[in-house]
A.B. asks: 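One structure, as structure tokens, below. Some questions next.
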Protein chains: 2
Amino acid sequence: MTATADRILDVMQDLIQTRGFSAISYQHIADVLKVTKASIHYHFPSKADLGSAVIRRYRALLMAMMEEATGDESRSTWDILTLYFGPYLEFADSAEKVCLCGALAGEYPSLPPDMQAEVAAFFAEQQAWLEQMIARGIDRGEFRRSASAAVSARLMLSALQGALLVQRAGGEAGLLTDVTAGLKACLVESPQP
Amino acid sequence: MTATADRILDVMQDLIQTRGFSAISYQHIADVLKVTKASIHYHFPSKADLGSAVIRRYRALLMAMMEEATGDESRSTWDILTLYFGPYLEFADSAEKVCLCGALAGEYPSLPPDMQAEVAAFFAEQQAWLEQMIARGIDRGEFRRSASAAVSARLMLSALQGALLVQRAGGEAGLLTDVTAGLKACLVESPQP
DNA sequence: GTCTATACAAAGATAGAC
DNA sequence: GTCTATCTTTGTATAGAC
């Protein structure tokens, strides 16, 4: 991966997170980087190639972050989840960004097949990791048993993705924070009186 | 509103819910209706006009449904919310559809200003109605007080929107059902042992 | 109200010089 | 690796006949 290819991916990721995939053209990317469209086609022959590469990099980055957060046995499960929320909160702060795959999910059936597969893999691995974490919390007596780990993981992933999208569209700044607070109220064992 | 204009809106709504807005062209709509592009421009001069009209109609339809479900004092709050979930479950069943505004949220900053305003209004009114319903559930002792009605409403709206998107992209059929079950476990007072 | 025809811009993509 | 130049298709939109 050359430095230029990486900068192209940076711009492409940023544009998808703000504008979606179909609304982006090679010209938009070229304008930002001050190069020509042909240069971008040299690194990524087709738009599908470029889109797939962006998602692959994004998946790898988040997976590495998740694995790093997981290791420490002494950390409470909610603390680990709070680390996990980090990127989501950053996107929300930048006011115009959502999760890369959350943006792509809205136009999923119109995406090239390779990109569809990458997006599906992203959601599957996010859900699997969350389920594992929530099972940990239940095992350690930190979380309530009111729903299964699988159900809670699906709820959490859906709520986070939805919150980014609704917050950006609605313009209400605190929505994502409220949603994480609501999830905590759902999961965490109330202190015994 | 003529019959033809209505059929154009039907097709446009269907296409947005499956493919998103930017990926749609007048040609796509014309193909489905077996008319020419020019005919569609007669009814809706610009794509922004067409997009705004679709959202307005969608908002009105859902609001009417919500108001109808609300009236009955004897109905339990969770029953009312189950009615509210109806359209979401239908979209999920059709396997390729998400909420109209959920699809549009992914490309929000690239939408025409009029459409942005409509999408924002949709989310605001959905959230307000949900907050009112959840407050009713808390008042009547049907729901736990673990989170405020406002926080729970935001969680519920985000989770439903996200669930449709994640389910379609991930291909896991039961996700939306799991999410509504998880929300119920969050909200409803556990029966006293 | 729907058609044919057309204008005009932008899209994705490639060839070949440097 | 990046450029200029070009090809081809598609996009939104309008004019004017029927």
Side-chain angles (χ1 to χ4, degrees), chain A residues 1-16 18-57 103-104 106-116 118, chain B residues 1-55 57 103-104 106-116 118:
Chain A
M1 179 70 58
T2 71
T4 307
D6 241 345
R7 287 171 56 229
I8 294 171
L9 291 179
D10 289 342
V11 174
M12 184 61 171
Q13 178 173 333
D14 198 281
L15 287 173
I16 294 176
T18 48
R19 302 174 46 81
F21 181 72
S22 301
I24 299 173
S25 72
Y26 273 71
Q27 191 60 60
H28 291 137
I29 308 167
D31 289 345
V32 175
L33 290 173
K34 304 236 176 69
V35 294
T36 59
K37 287 187 292 177
S39 295
I40 302 170
H41 277 288
Y42 169 79
H43 293 280
F44 302 97
S46 79
K47 203 181 169 188
D49 295 327
L50 179 48
S52 299
V54 167
I55 312 174
R56 267 196 303 280
R57 195 184 63 158
L104 293 171
E107 41 191 337
Y108 186 80
S110 65
L111 297 177
D114 288 1
M115 291 184 63
Q116 291 187 354
E118 290 292 335
Chain B
M1 180 68 61
T2 70
T4 308
D6 241 345
R7 286 170 58 229
I8 294 170
L9 291 178
D10 289 341
V11 174
M12 184 61 169
Q13 177 173 335
D14 197 281
L15 286 173
I16 294 176
Q17 289 188 275
T18 48
R19 302 175 46 84
F21 181 73
S22 300
I24 298 173
S25 72
Y26 274 70
Q27 190 61 61
H28 291 135
I29 309 166
D31 289 344
V32 176
L33 289 174
K34 304 236 177 68
V35 294
T36 60
K37 291 185 289 178
S39 294
I40 302 170
H41 278 288
Y42 169 79
H43 293 280
F44 301 97
S46 79
K47 202 181 168 187
D49 295 327
L50 179 48
S52 299
V54 167
I55 312 174
R57 195 185 62 159
L104 294 171
E107 41 190 338
Y108 186 81
S110 67
L111 297 178
D114 287 1
M115 291 183 64
Q116 291 187 354
E118 290 291 335

A.B. asks: From the options D/dG1, D/dT12, C/dA13, select the nucleotide whose nearest atom is closest to the side chain of A/K47.
C.D. replies: C/dA13

A.B. asks: Exactly one of B/T2, B/D6, B/L50 should register a side chain to side chain contact (heavy atoms under 4.5 Å, CB included) with B/H43. Which one does?
C.D. replies: B/T2

A.B. asks: How long is the line joining NZ of B/K37 and C1' of D/dT9, in whole Å?
C.D. replies: 11 Å

A.B. asks: When you check the phosphate oxygens OP1 and OP2 of C/dG1, does a side-chain N or O of B/S39 lie under 4.0 Å from one of them?
C.D. replies: no

A.B. asks: Checking side-chain polar atoms at under 3.5 Å, does B/S22 have a donor or acceptor matched by the opposite partner on B/E107?
C.D. replies: yes

A.B. asks: Atom CG of B/D6 to atom P of C/dG1: distance rounded to whole Å?
C.D. replies: 13 Å

A.B. asks: So, A/R57 and A/D10, do they make that salt bridge, N to O below 4.0 Å?
C.D. replies: yes

A.B. asks: Determine: side-chain N/O of A/S25 to OP1/OP2 of C/dA11, distance under 4.0 Å, yes or no.
C.D. replies: yes

A.B. asks: Nearest to the side chain of A/Y42 - D/dG1, D/dC3, C/dC3?
C.D. replies: D/dG1

A.B. asks: Please determine whether a side-chain nitrogen or oxygen atom of A/T4 lies at a distance below 4.0 Å from atom OP1 or OP2 of D/dG1.
C.D. replies: no

A.B. asks: Write down the distance between NE2 (B/H41) and P (C/dA5), rounded to a whole number of angstrom.
C.D. replies: 17 Å

A.B. asks: Is any side-chain heavy atom of B/S52 closer than 4.5 Å to one of B/F44?
C.D. replies: no

A.B. asks: With the side chain of A/A38 defined as its heavy atoms from C-beta on, choose the nearest nucleotide among D/dA13, D/dA15, D/dT4.
C.D. replies: D/dT4

A.B. asks: Could you say whether A/H43 or B/Q27 is positioned toward the 5' end of DNA chain D, judged by the nucleotide with the nearest heavy atom to each?
C.D. replies: A/H43

A.B. asks: Can you check the B/K34 NZ to C/dT2 P distance for me, whole Å?
C.D. replies: 15 Å

A.B. asks: Under 4.0 Å, counting only non-hydrogen atoms across every strand here, what does A/I24 touch: a base, just sugar-phosphate, or nothing?
C.D. replies: sugar-phosphate

A.B. asks: Would you kindly give the NE2-to-C1' distance between B/H28 and D/dT9, to the nearest whole Å?
C.D. replies: 12 Å

A.B. asks: How would you label the contact of A/Y26 with the nucleic acid (heavy atoms, under 4.0 Å): base, sugar-phosphate, or nothing?
C.D. replies: sugar-phosphate

A.B. asks: In whole Å, what is the span from the CD1 atom of A/I8 to the P atom of D/dG1?
C.D. replies: 11 Å

A.B. asks: From CG of A/D31 over to P of C/dA11, roughly how many Å is that when rounded to an integer?
C.D. replies: 9 Å

A.B. asks: Between C1' on D/dT12 and CD1 on B/I29, what's the gap in Å once rounded to a whole number?
C.D. replies: 11 Å

A.B. asks: Looking at B/Y42, does the NZ or CZ of B/K37 lie under 6.0 angstrom from its six-membered ring centre and within 45 degrees of the ring axis?
C.D. replies: no

A.B. asks: B/T36 or A/A23: which one's nearest nucleotide on DNA chain C is closer to the 5' end?
C.D. replies: B/T36

